[in-house]
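What follows is one structure encoded as structure tokens, with my remarks underneath.
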Amino acid sequence: MPIFDWTRTDLFHPVGDGSTALFYEKACIQQDYKEMANYILENLHGLTFPGWEPERMAKLDELFEAYAPVTKEKLWDNLKYFLEAIMPTCEETGIKMAIHMDDPPWDIFGLPRLLVDKASIERFLKMVDHPNNCLCLCSGSLGANPENDVADIVRSCCDRIAFAHIRNVKNFPNGDFSEASHRDCDGDTGIVEIMKAYHDCGFTGYIRPDHGRHLWGEQCRPGYGLYDRALGIMYLLGCWDMLDRTEGKV
Ligand SMILES: [Mn+2]
């Protein structure tokens, strides 16, 4: 993700169940990237955030200038150059690279974003077709675009998923989205179908619940509360156990 990591406009949006969660209001992401960056930095309450380092954010104009000539195709070329250069070392040392999806999965502030849907994921995997060139498949990032069928994407490339981020998103008709609990019916991402896809494919890689709501007054990094991520893990394990049981595996 060039310059910005995941991008949200409200870090503490009421979900409706007494908790709050990360929220993206499409209309707020227009021209003023500094306004959004300042809002996020001011709400970290002294905590650090990977991708939101204050010293890097202080150079936003410089960064945007550096990216000005970088078209989407140029960014693809740069990514290919980088991955091809490191693959021999990855193979030698047994390291799998796992690229995270762009979040949200569309261009923001004129910056090109590459890993946004099934077609771009297929392009990425073919571009450097090496078993150590893998995905960090984030259901929440892809799920922000309701056109993405995440379970179908999992089935199509499961052997190249090194790290599964599994979380739920609620989509609104105007393009806004809110993060949601992991429970299938609380969002639109299709958590049960996604778990079934991983289970059917015999996935043995890493899974994490990724993000969580802010519950019970917990003071935490926005989006990374321990309580809800713990609930999320147990929900995902519950799905997995039930799939094992219904398929006669235990
Ligand atoms: Mn993620």
Linking I/L/V/M/F/W/Y whenever their side-chain heavy atoms sit closer than 4.5 Å, directly or via other members, would [X] and [Y] fall into one cluster?
{"X": "I108", "Y": "Y33", "answer": "yes"}
{"X": "V70", "Y": "L111", "answer": "yes"}
{"X": "F109", "Y": "L41", "answer": "yes"}
{"X": "V116", "Y": "M127", "answer": "no"}
{"X": "L114", "Y": "F124", "answer": "yes"}

Practice task
In sequence, state the C-alpha distance, the side-chain angles, and the governing distance for W6 and L22, and then conclude on side chain to side chain contact (heavy atoms under 4.5 Å, CB included).
Solution key: CA-CA 10 Å; W6 56 251; L22 304 180; 4.2 Å; yes
Look at [X] together with [Y] and state whether they make a salt bridge at an N to O cut-off of under 4.0 Å.
{"X": "D103", "Y": "R113", "result": "no"}
{"X": "D61", "Y": "K34", "result": "yes"}
{"X": "R160", "Y": "D129", "result": "yes"}
{"X": "R155", "Y": "D200", "result": "yes"}
{"X": "R8", "Y": "E179", "result": "yes"}
{"X": "R229", "Y": "D210", "result": "no"}
{"X": "K26", "Y": "D176", "result": "no"}
{"X": "R245", "Y": "D241", "result": "no"}
{"X": "E53", "Y": "R56", "result": "yes"}

Kindly indicate whether the side chain of [X], heavy atoms from C-beta on, has any atom under 4.5 Å from the side chain of [Y].
{"X": "D17", "Y": "R213", "value": "yes"}
{"X": "C136", "Y": "M101", "value": "no"}
{"X": "L236", "Y": "I207", "value": "yes"}
{"X": "D184", "Y": "N168", "value": "no"}
{"X": "M36", "Y": "Y39", "value": "no"}
{"X": "M195", "Y": "I166", "value": "yes"}
{"X": "F203", "Y": "V154", "value": "no"}
{"X": "K196", "Y": "M242", "value": "no"}

Handout entry: Candidate pair I121 and L137, rule side chain to side chain contact (heavy atoms under 4.5 Å, CB included), full reasoning
Key = CA-CA 10 Å; I121 289 168; L137 198 99; 4.0 Å; yes
Do any N or O atoms from the side chain of [X] and from the backbone of [Y] form a donor-acceptor pair under 3.5 angstrom?
{"X": "T9", "Y": "E25", "answer": "yes"}
{"X": "D102", "Y": "P104", "answer": "no"}
{"X": "D32", "Y": "E35", "answer": "yes"}
{"X": "D188", "Y": "N171", "answer": "yes"}
{"X": "S178", "Y": "F23", "answer": "no"}
{"X": "T189", "Y": "I191", "answer": "no"}
{"X": "N148", "Y": "L142", "answer": "yes"}

Is there a donor-acceptor contact under 3.5 Å linking the side chains of [X] and [Y]?
{"X": "H100", "Y": "H165", "value": "yes"}
{"X": "N133", "Y": "H130", "value": "no"}
{"X": "H199", "Y": "D244", "value": "yes"}

Practice task
Apply side chain to side chain contact (heavy atoms under 4.5 Å, CB included) to D152 and K118, showing your working.
Solution key: CA-CA 9 Å; D152 174 60; K118 189 178 184 182; 2.9 Å; yes
Problem - Exceeds 12 heavy-atom contacts within 6.0 angstrom, atom CZ of R183 - result: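 Counting neighbours around CZ of R183, 12 or fewer heavy atoms of other residues, nucleotides or ligands fall under 6.0 Å, so no.
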Exercise for the section: Return yes when atom NZ of K59 has more than 12 non-hydrogen atoms of other residues, nucleotides or ligands closer than 6.0 Å, and no otherwise. Expected result: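 For K59, atom NZ is not crowded (no more than 12 foreign heavy atoms under 6.0 Å).
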Which heavy atom of [X] sits nearest to which heavy atom of [Y], and what is that distance?
{"X": "V169", "Y": "G143", "result": "CG1-O, 4.3 Å"}
{"X": "P105", "Y": "A144", "result": "CD-CB, 3.7 Å"}
{"X": "L60", "Y": "A37", "result": "CD1-CB, 3.7 Å"}

Give every donor-acceptor pair under 3.5 Å between a side-chain atom in residues 79-86 and any protein atom, sequence neighbours left out.
residue	atom	partner	partner atom	Å
K80	NZ	E84	OE2	3.3

Nearest 0.5 Å please: distance from the [atom1] atom of [X] over to the [atom2] atom of [Y].
{"X": "N43", "Y": "L11", "atom1": "CG", "atom2": "CG", "value": "5.5 Å"}
{"X": "M234", "Y": "C239", "atom1": "CE", "atom2": "SG", "value": "11.5 Å"}
{"X": "L243", "Y": "T246", "atom1": "CG", "atom2": "OG1", "value": "5.0 Å"}
{"X": "I95", "Y": "C134", "atom1": "CD1", "atom2": "SG", "value": "12.0 Å"}
{"X": "D186", "Y": "S181", "atom1": "CG", "atom2": "OG", "value": "3.5 Å"}
{"X": "I153", "Y": "E122", "atom1": "CD1", "atom2": "CD", "value": "9.0 Å"}

Practice task
Please list, chain by chain and in numerical order, all residues satisfying side-chain contact (heavy atoms from CB on, under 4.5 Å) with E193, sequence neighbours excluded.
Solution key: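 Listed in chain order: A151.
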Exercise for the section: Please list, chain by chain and in numerical order, all residues satisfying side-chain contact (heavy atoms from CB on, under 4.5 Å) with I233, sequence neighbours excluded. Expected result: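 In terms of side-chain contact (heavy atoms from CB on, under 4.5 Å), with neighbours along the sequence ignored, I233 is linked to P209, L237.
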Practice task
Check ring pair (Phe, Tyr, Trp, His ring centres under 6.0 Å) between Y24 and all other residues, then give those that pass, not counting sequence neighbours.
Solution key: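 Testing Y24 for ring pair (Phe, Tyr, Trp, His ring centres under 6.0 Å), a comparison that skips the adjacent residues, returns W106, F177.
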Exercise for the section: State which residues pass ring pair (Phe, Tyr, Trp, His ring centres under 6.0 Å) with H214; sequence neighbours excluded, sorted by chain then number. Expected result: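 Listed in chain order: F12.
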Problem - Near-ring test F4/W52, centroid separation under 6.0 angstrom - result: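 Judged by ring-centre distance (under 6.0 Å), W52 and F4 do meet the cut-off.
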Practice task
Fit a plane to each ring of Y227 and W216, take the angle between them on a 0 to 90° scale, and name the class: parallel (under 30°), tilted (30 to 60°) or perpendicular (over 60°).
Solution key: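 Y227 vs W216 ring planes: tilted.
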Handout entry: Other cluster members, F163 - Ile/Leu/Val/Met/Phe/Trp/Tyr, side-chain contacts below 4.5 Å
Key =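 Joined to F163, directly or through intermediates: Y206.
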